[in-house]
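Notes to accompany the following structure.
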Amino acid sequence: QVQLVESGGGLAQAGGSLRLSCAASGRTISSNAMGWFRQAPGKEREFVAAVSWKISNTYYADSVKGRFTISRDNAKNTVYLQMNSLKPEDTAVYYCAAIRDRYSDSYFIPRKYDVWGQGTQVTVSS
């Protein structure tokens with residue numbers, strides 16, 4: 001079973017940047033699509049971005065498109081989320097997750113994911 005550990009969260013000012021990392025251990029994630037989700041207090045967990053397993057197609061929520069970039073380094077067994085032009089509404093706990101399902105429509109649905117990290121807090125001040 002793969003374990004996922006997020007890092008890189010913290011406090012940023014509006015307009016600033018953060019880079020989240022999701023390091024996998026236990027087995028390779030090269031055959032998994034990977035996703036980032038976030039959950040703000042009192043809200044449901046929502047899709048942020050995903051990257052496919054084979055040719056690294058990327059998918060983004062409309063709210064982060066053009067500001068966030070997901071990438072993966074299979075040699076390092078790590079997935080990244082570069083977050084630029086941060087806004088206070090980006091404040092949330094960010095989670096990475098691995099999915100075995102190869103159907104891209106599944107990438108947007110939290111319950112389709114098989115393994116989750118523990119999350120990292122991102123706080124954006126205005």
Interatomic distance, OG1@Thr58 vs CZ@Phe68, rounded to 0.5 Å, equals 14.0 Å
Answer with yes or no whether the hydrophobic clustering places Val51 together with Leu18; edges join I, L, V, M, F, W, Y residues whose side-chain heavy atoms lie under 4.5 Å apart.
yes
Taking a hydrophobic cluster as the set of Ile, Leu, Val, Met, Phe, Trp and Tyr residues connected by side-chain heavy atoms closer than 4.5 Å, whether directly or through intermediates, do Tyr94 and Val64 fall within one such cluster?
yes
Taking every non-hydrogen atom, the tightest pair across Tyr95 and Gly117:
CD2-O, 3.6 Å
Least distance between heavy atoms, Pro110 atom then Trp116 atom:
O-CZ2, 3.3 Å
Salt bridge (Lys or Arg N to Asp or Glu O under 4.0 Å) between Lys112 and Asp105, intermediate numbers included
CA-CA 10 Å; Lys112 293 288 190 177; Asp105 280 3; over 6 Å; no
How far apart are the closest heavy atoms of Ser85 and Ser17, and which atoms are they?
N-OG, 4.4 Å
Identify whether Tyr80 and Val2 are in the same connected component of the hydrophobic contact network (ILVMFWY, side-chain heavy atoms under 4.5 Å).
no
Step through the shown structure and confirm whether more than 12 heavy atoms of other residues, nucleotides or ligands are within 6.0 Å of CZ on Arg100.
no
Salt bridge Asp62-Lys65, side-chain N to carboxylate O under 4.0 Å:
yes
Exercise: identify the closest heavy-atom pair between Ser106 and Asp101
OG-OD2, 2.8 Å
Step by step, would you call Thr78 with Asp73 a side chain to side chain donor-acceptor pair (under 3.5 Å)?
CA-CA 5 Å; Thr78 300; Asp73 185 338; over 6 Å; no
Indicate the ring-plane relationship of Tyr113 and Phe37, choosing parallel, tilted or perpendicular according to the 30° and 60° boundaries.
perpendicular
Would you call Val5 and Gln118 a side-chain contact if the rule is heavy atoms closer than 4.5 Å?
yes
Answer yes or no: is there a donor N or O on one side and an acceptor on the other, between the side chain of Gln13 and the main chain of Ser125, under 3.5 Å?
no
Do Val79 and Phe47 belong together in a cluster built from hydrophobic side chains that touch within less than 4.5 Å?
no
When rounded to the nearest 0.5 angstrom, what distance separates CZ in Arg38 from OG1 in Thr120?
14.0 Å
Report yes or no: does Thr91 contribute a side-chain atom to a donor-acceptor pair with the main-chain N or O of Thr123 at less than 3.5 Å?
no
Minimum heavy-atom separation for Tyr59 and Ser104, please, with both atom names.
OH-CB, 3.6 Å
Measuring from Tyr103:OH to Ile109:CD1, what's the distance to the nearest 0.5 Å?
9.0 Å
Report yes if some heavy atom in the side chain of Ile29 is under 4.5 Å from a heavy atom in the side chain of Met34; otherwise report no.
yes
Measure across Val115 and Leu4 and return the closest heavy-atom pair with its distance rounded to 0.1 Å.
O-CD1, 3.6 Å
When you look at Arg72 and Asn32, which way does the side chain to side chain donor-acceptor pair (under 3.5 Å) test go after all the steps?
CA-CA 11 Å; Arg72 66 189 302 159; Asn32 292 94; over 6 Å; no
Are more than 12 heavy atoms, taken from residues, nucleotides or ligands other than Glu46, located less than 6.0 Å from that residue's CD atom?
yes
Within-4.5 Å side-chain heavy-atom neighbours: Val48 and Tyr60:
no
